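One structure is given here, and the rest of the page talks about it.
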There are 2 protein chains.
Amino acid sequence: MDFEHADALNQAIRLLSLRHRARAASLLAPLGLHTGQEALLLELDRTGPMIQAQLSEALGCEPPSVTLMTRKLEAGGHIRRTPAPSDKRASIVELTDSGKALADQVKQLWCALAEETVGGLPAETVAELPGILKTLTDNVDTRRPTTQAAPARSSAVRSPSKAS
Amino acid sequence: MDFEHADALNQAIRLLSLRHRARAASLLAPLGLHTGQEALLLELDRTGPMIQAQLSEALGCEPPSVTLMTRKLEAGGHIRRTPAPSDKRASIVELTDSGKALADQVKQLWCALAEETVGGLPAETVAELPGILKTLTDNVDTRRPTTQAAPARSSAVRSPSKAS
DNA sequence: GCATAATAGTTATGTGCATAATCAATGTGT
DNA sequence: ACACATTGATTATGCACATAACTATTATGC
């Protein structure tokens with residue numbers, strides 16, 4: 001691939017990151033949230049109480065990030081952290097009532113943001129977009145076990161990834 | 001759009017941002033660069049000397065970010081800042097020889113990253129990907145003042161007023 | 001000419017994210 | 001039983017990004 005195309009792609013991803021994040025920030029600000037925190041609330045709302053290590057895995061960010069985010073959300077009264085009885089190292093994180101209400105509001109914003117984001121695109125493109133983005137993500141994901149240790153270069157490493 | 005689909009989309013964009021950035025960081029680290037700095041170098045390499053306000057516009061980030069990034073790149077010897085003769089407020093930013101050499105290395109990495117990113121996708125999808133991403137970006141771009149005279153907005157301009 | 005607005009840049013501050021180092025608790029091997 | 005690695009979480013530090021407030025220069029109105 002020549003540099004022109006490569007740069008167009010990388011730059012497009014970079015700019016989409018910046019703008020989508022900025023737009024999310026402007027929508028979340030009235031709720032007193034910063035970008036990233038909404039993902040934590042939504043994950044707790046979806047999965048229920050869980051320990052920070054699980055949150056770290058689900059959110060795709062590192063434990064120190066989870067520590068800081070949970071601390072701020074706890075200070076805001078949206079989540080509660082209680083020591084896990086079975087493992088004294090871990091703390092169980094769960095939504096408070098305020099957090100649940102907030103998560104519901106976030107859901108609304110999230111739908112509006114998604115619609116705004118894909119506006120003007122054909123429906124079929126919209127339909128396959130999540131899959132495409134996930135493929136891109138997996139391709140550059142250094143966290144996951146890469147699904148193979150083979151020295152295969154630029155071959156289609158389409159693993160039959162079963163849902164985890 | 002229901003929440004399931006909306007979240008899949010928003011989350012996919014969020015994760016792609018995180019992973020693509022992380023992957024770029026691991027590639028740029030050996031060059032002594034952090035993500036974001038490469039965009040500045042590439043822009044200077046492409047366009048030539050320019051003032052920070054132009055850089056801010058081209059990179060899509062705010063002037064204070066440019067101030068800090070240019071300061072660090074200048075400390076690293078990759079760029080040079082000279083006061084503009086015509087306007088005493090502005091400073092002209094340009095690549096040093098070291099910066100030009102670095103930009104060339106970045107170009108190589110950039111091609112490798114792009115290829116890695118789109119690995120396993122059909123060629124036609126890859127071809128239209130930059131355009132799709134740009135559409136998404138423009139849809140949520142709060143910087144540029146709409147600029148679209150709405151020539152062919154197919155569906156959903158249903159809420160031109162505030163959505164929330 | 002001069003007050004005022006607009007622009008280029010910086011500083012201060014706050015956020016999410018990262019890595020590295022550290023501590024406490026839990027596993028595991030011999 | 002005990003040394004050792006592993007795991008959950010935190011602290012310290014650094015970066016890119018943001019906004020708000022500020023200085024210095026340039027442009028504009030009267």
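In what follows, chains are A, B, ... by sequence order, proteins preceding strands, each numbered from 1. The figures that follow rest on heavy atoms only: side chains count, while hydrogens, waters and symmetry mates do not. Just so it is clear, the model here is predicted, and its values are computed rather than measured.
Between A:Pro63 and A:Thr35, it is A:Thr35 whose nearest contact on DNA chain C lies nearer the 5' terminus. Position along DNA chain D of the nearest nucleotide to A:Ile92 versus B:Met69 favours A:Ile92 as the more 5'-ward residue.
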Mind listing the side-chain donor-acceptor pairs of residues 8-19 of chain B below 3.5 Å, one per line with the distance, residues two or more places apart or on another chain?
unit_1  : atom_1 : unit_2   : atom_2 : d
B:Asn10 : OD1    : A:His20  : NE2    : 3.2
B:Asn10 : ND2    : A:Trp110 : O      : 2.9
B:Asn10 : ND2    : B:Ala6   : O      : 3.3
B:Arg14 : NH2    : A:Leu59  : O      : 2.6
B:Ser17 : OG     : A:Ser17  : OG     : 2.8
B:Ser17 : OG     : B:Ile13  : O      : 2.8
B:Arg19 : NE     : A:Asp141 : OD1    : 3.3
B:Arg19 : NH2    : A:Gly60  : O      : 2.3

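Pair assignment for C:dG16: D:dC15, on the basis of Watson-Crick or G-U wobble contacts that are both within less than 3.5 Å.
With sequence neighbours excluded, the residues satisfying side chain to side chain contact (heavy atoms under 4.5 Å, CB included) with B:Asp97 are B:Lys100.
On the nucleic acid side, DNA chain D contacts chain A at distances under 4.0 Å to non-hydrogen atoms, with the end points of that region at D:dT7 to D:dC17.
Applying the side-chain hydrogen bond (donor to acceptor under 3.5 Å, both in side chains) test to residues at least two apart or on different chains, none of the pairs has a partner in residues 119-133 of chain B.
A salt bridge does not link B:Arg71 with B:Glu74: none of the charged nitrogens is closer than 4.0 Å to a carboxylate oxygen.
At a non-hydrogen distance threshold of 4.0 Å, B:Arg14, B:Leu18 from residues 14-29 of chain B come into contact with DNA chain C.
Side-chain contact between A:Val106 and A:Leu28 is present, with heavy atoms from C-beta onward closer than 4.5 Å.
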Between the protein and nucleotides 5-8 of chain C, list the N/O to N/O atom pairs that are separated by less than 3.5 angstrom.
unit_1 : atom_1 : unit_2  : atom_2 : d
C:dT7  : O2     : B:Arg89 : NH1    : 2.6

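Across all strands, A:Ser56 comes closer than 4.0 Å to no nucleic acid atom at all (heavy-atom distances).
Not one side-chain nitrogen or oxygen of A:Gln37 sits closer than 4.0 Å to the OP1 or OP2 atom of C:dT15.
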